[in-house]
Amino acid sequence: MSRYSAAEIETKWQEAWDKAGLFQAKLDRSKPKYYVLEMFPYPSGRIHMGHVRNYTMGDVIARYKLSTGHNVLHPMGWDAFGMPAENAAMAIGGHPKDWTYSNIADMRAQMKPLGLSIDWSREFATCDPEYYGQQQALFIDMLDAGLVARKNAVVNWDPVDMTVLANEQVIDGKGWRSGAEVERRELTQWFFKISDMADELLSALDTLDNWPAKVRLMQENWIGKSRGLQMAFQPVQDFDPIEVYTTRPDTLMGAAFVGISPDHPLAKTLAETRPEVEEFRALCRKGGTTEEALETAEKLGFDTGLTVRHPLNPDWHLPVWIANFILMDYGTGAIFGCPAHDQRDLDFVRKYDLPVISTFESLSDPQPVEATAYVPPKEEKVKWINHFAGLDVATGQEAIDATIDFAEAQGWGKGVTKFRLRDWGLSRQRYWGCPIPVVHCADCGVVPEKKENLPVKLPDDVTFDVPGNPLDRHPTWRDVPCPVCAKPARRETDTMDTFVDSSWYFARFTAPRAETPTVMEDADYWMNVDQYIGGIEHAILHLLYSRFFARAMHITGHLPAKCAEPFDALFTQGMVTHEIYQTRDDKGRPVYHLPEDVVDGKLKDGTPVEVIPSAKMSKSKKNVVDPVNIIRDFGADTARWFVLSDSPPERDVEWTASGAEAAAKFLARVWRMANDLGEQRDSGIAASLDEVMASHAFGQNAADDELLRTTHKMIDEVTKGIESFGFNAAIARIYAFTNALNRSQASARIKWAATRVLAQLMSPMTPHLAEEVWAILGGEGLVAAAAWPKADPAMLVDDSVTLPIQINGKRRAEISVPADMAAAEVEKLILEVDAVQKALEGATPRKIIVVPGRIVNVVV
RNA sequence: GCGGGCGUGGCGGAAUGGUAGACGCAGCGGAUUCAAAAUCCGCCGUCCGGAAGGAUAUGUCGGUUCGAGUCCGACCGCCCGUACCA
């Protein structure tokens, strides 16, 4: 007999699928539709195991849904704009466009051998003018609908290269190329007004039942709805009152100072006349813009010398400080500091020697505040020692509510709801992105480009030899007539954030060649995405932006109302990890080695390597396994089987060479089993499970009966596994099924039918092998097109169950009883069991708990 | 710093609050073979015991419960995000 040859089989069946046009999605209202989408890749040029895992999961769902009678849409495209293409142009020359399209061609060629059930006829890249032109049309519609605004935003400024840097280009507060200390600088930018939808985006999270709870929670915290008190501190000297927003107004009697942001209007005014204020403001501007950098930076303060009156006691004067940790973006850009009940404020006053006044203390353990602020949960009752609304014992939340009521009644403050969510700044000072289709005219102001002039195409004649945005210095592209008055004007040279590209691609897939962003009929049929699959790293930004865009596209008439939440179900999969192999050079610096160069813990020259625990596969650590090599050595089915088998899909999976070999061995075993059976074809045993069930007389042959029962149970369990994303569990059941099939003494006819079911159950995961087995066993047509097997519920129930017997919670014995035995009967029966009698020593049990079908616990 | 998640044998992991370790890998023993590869069968958390059996065990500490890997609290470690990486 010949051996299992993945290469031969896989090419053959991929051609058969192509020929049958099985995966080309066509609008067909006679069938239920199913739209499965994996987050599309950035075209780096090489696929990696993370891609294989992501797309295999989607493929399992797509193929399974196809076999359950759905009209499946499973498209693929490329998230093709972004910085790496420009970095490559700078590093190795060439043009971002050539680099990107050549990467796309390479990656497509690497993906095709995986045998994914993708409708490649819908493929597009976001850098195609046909795509970004429609994105520009969307932008103009959103501008018209009032969903876009222009205002200032803070960016990372490299004072040497004179360019804006991305956060990842700021390393330890310094520019990655120049090494210069980065500053924060304000720039006028375009914004999507996502914060107008904050409340809607928050409340609609409740409808996303098929999203992971953790993602909904992360989005909820990100949007950050809070209710607090807004009030003014009146000036003692001659300046405007300071508006302050606080979520803890109950601690007002503990105020030690009023703090304002370095960007607060008052700070700016003071800086105009006082150089030391400007000096401090400059100090605060140092470093990058990330929240992490701002929050972990050393807390700095500057005493303005000004004072304000406490709202409850005009004779109580509080100092006004400028502090670097107060953000102009949130609230009013000013706070009052209560060091006793806020750790950050406490650290600040300890540094600058300001007073600490407690407003409440613990009921159980009152302690003066020393190094640690007392911050109990808002739901905990505390004793109030310094309050004005007559509180004694109350929770923080009760005190907050009482304070707001009190302030409103007295008229010195009002309850206000605020959101942490900021507007989405979409301007990027970069070339390789979608041009923002507006023109700046001296007379008409900022005007949108005419739609008939779209797409505003990126010019090809650009160079990357100087830092900065080549569009900004392009000789002709920039200069255009004003679309309104036709006078000379200047094109906007900023391009869009690449998150814009990925915020509506899922809608574009429903009509990828249309001359409008979407086509209502297609969008109405295919949307929403029934199952979206991608990495947890996109839990907040990409998904929140997409939710905003879906709403914006409805407002602008590009999506039906039902698409407000575009992803019905979301699944977040884990990473593929690998051990890291390291040696050291003569200076003791680490040198990393590819897994394929390490055999039995040694390099080829015999040098032993140090094994570092698994981490996400990355080029820099060289702990990468190239899917292309795995497919070459073992076949696509092995790669697919492995990435699904060893770990739950939401968790990381560790790639191991032995695991991949084991997967290959198992697939070869299934292939042999089918071939062994296939050789008995002449004896006329070819049969489907339905045919066998129709003619089988139970009670004649125990082995036959058992295998049939097992087959039905396996159909049930594997189906449930696939439907619940329990791919690893489904595969464990398939292993068990294969073992049972191998050992079974059932007749060849029954085994034949069972093996054909095995092929069907494996077909979403290992589609090529499944086709081969299906064909050997005389299955009709393609297994990919065959109807999914159905389990007979009558075959799933067992007559008797084994109940473990616990005594005081510890398992001491077990008993086999009829499955439907009443609890009272079971109770009687277990009292006869030796172990129970021994434990009771003649006494009556204190309690007997019978969980029908599960367990019995006797408490003595 | 803040928000979210994860932690179970030598390893990957299984387990609607109900027999912890399914299934797989590695390892050990055996069959087959002149030999090997491949394949097949068996054993396999740790400790005590010849066995039967017992003790112990799900990062650490505490709590809820007849019963906790699972629920609650604190801590430790790792991972993701932190608004210009995608």
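Note that these values count all heavy atoms, side chains included, but never hydrogens, waters or copies made by symmetry.
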[X] side-chain proximity, nearest of [options]:
X	options	answer
D497(A)	rA83(B), rG5(B), rC84(B)	rC84(B)
K810(A)	rC84(B), rU56(B), rA86(B)	rU56(B)
A166(A)	rA86(B), rC85(B), rG3(B)	rC85(B)
D79(A)	rA86(B), rG4(B), rG18(B)	rA86(B)
R854(A)	rU16(B), rG1(B), rG4(B)	rU16(B)
E537(A)	rG81(B), rG13(B), rU56(B)	rG81(B)
V164(A)	rU82(B), rC84(B), rA14(B)	rC84(B)
E292(A)	rU19(B), rU82(B), rA83(B)	rU82(B)

So does [X] pair up with [Y], basic N to acidic O under 4.0 Å?
X	Y	value
D676(A)	R672(A)	no
D494(A)	R430(A)	no
E295(A)	R344(A)	yes
R150(A)	E492(A)	yes

- Task: Check if the side chain of Q189(A) and the base of rC84(B) share a donor-acceptor pair of N or O atoms closer than 3.5 Å.
- Result: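 Counting by modelled atom types and ignoring angles, a donor-acceptor contact under 3.5 Å is found here.
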
- Check: Q429(A) side chain, rC84(B) base, donor-acceptor under 3.5 Å: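 Yes, a donor-acceptor pair under 3.5 Å.
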
Are [X] and [Y] linked by a side-chain donor-acceptor pair shorter than 3.5 Å?
X	Y	answer
N152(A)	T188(A)	yes
Q343(A)	D347(A)	yes
S645(A)	N728(A)	no
W424(A)	D497(A)	yes

Compare side-chain N and O positions of [X] against OP1 and OP2 of [N] and report whether any pair is under 4.0 Å apart.
X	N	answer
R428(A)	rC84(B)	yes
S647(A)	rG12(B)	no
R651(A)	rA14(B)	yes

- Query: For P84(A) and E814(A), take the nucleotide of RNA chain B holding the closest heavy atom to each; which residue's nucleotide lies nearer the 5' end?
  - Reply: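 In this pair, the answer is E814(A).
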
- Message: Working to the nearest 0.5 angstrom, can you tell me the gap between Y431(A) OH and L471(A) CG?
- Response: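 These two atoms lie 7.0 Å from each other.
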
Inter-nucleotide [atom1] distance ([N], [M]), Å rounded:
N	M	atom1	value
rC41(B)	rU65(B)	C1'	45 Å
rU32(B)	rA37(B)	C1'	12 Å
rU82(B)	rG69(B)	C1'	31 Å
rG7(B)	rU70(B)	C1'	13 Å
rU60(B)	rC76(B)	C1'	7 Å
rA74(B)	rA55(B)	P	34 Å
rG10(B)	rU19(B)	C1'	25 Å
rA52(B)	rG63(B)	P	36 Å

Looking at every strand, decide which applies to [X] at a 4.0 Å heavy-atom threshold: base, sugar-phosphate, or nothing.
X	value
V215(A)	nothing
G535(A)	nothing
S427(A)	base
P41(A)	nothing
R216(A)	nothing
V856(A)	nothing
H542(A)	nothing
L421(A)	base
W222(A)	base

Do any N or O atoms of the protein come closer than 3.5 Å to N or O atoms of nucleotides 22-25 of chain B, and which pairs are they?
unit_1: rG24(B); atom_1: OP1; unit_2: N739(A); atom_2: ND2; d: 3.1
unit_1: rC25(B); atom_1: O2'; unit_2: S658(A); atom_2: OG; d: 3.0

- Item | Residues that K174(A) engages under salt bridge (charged side-chain N to carboxylate O under 4.0 Å, His left out), provided they are two or more places apart |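 Not a single residue meets the salt bridge (charged side-chain N to carboxylate O under 4.0 Å, His left out) criterion with K174(A).
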
- Task: Cation-pi check, K418(A) to Y330(A): give yes when NZ or CZ is under 6.0 Å from the six-membered ring centre and within 45° of the ring axis, no otherwise.
- Result: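 Cation-pi check for K418(A) and Y330(A): fails.
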
- Assess R184(A) against W157(A): is NZ or CZ under 6.0 Å from the centre of the six-membered ring, and within 45 degrees of the ring's axis?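 Verdict for W157(A): no cation-pi partner in R184(A).
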
- Item | For rG9(B), glycosidic torsion class - syn if within 90° of 0, otherwise anti |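 What rG9(B) shows is a syn base, its glycosidic angle lying within 90° of 0.
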
- Mind calculating the distance between CZ (F549(A)) and P (rA83(B)) to the nearest angstrom?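 My rounded result for the distance is 20 Å.
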
- Produce a footprint string for nucleotides 65-73 of chain B: one letter per nucleotide, 5' end first; B if the base is under 4.0 Å from any protein heavy atom, S if only the sugar-phosphate is, - if neither. -BS------

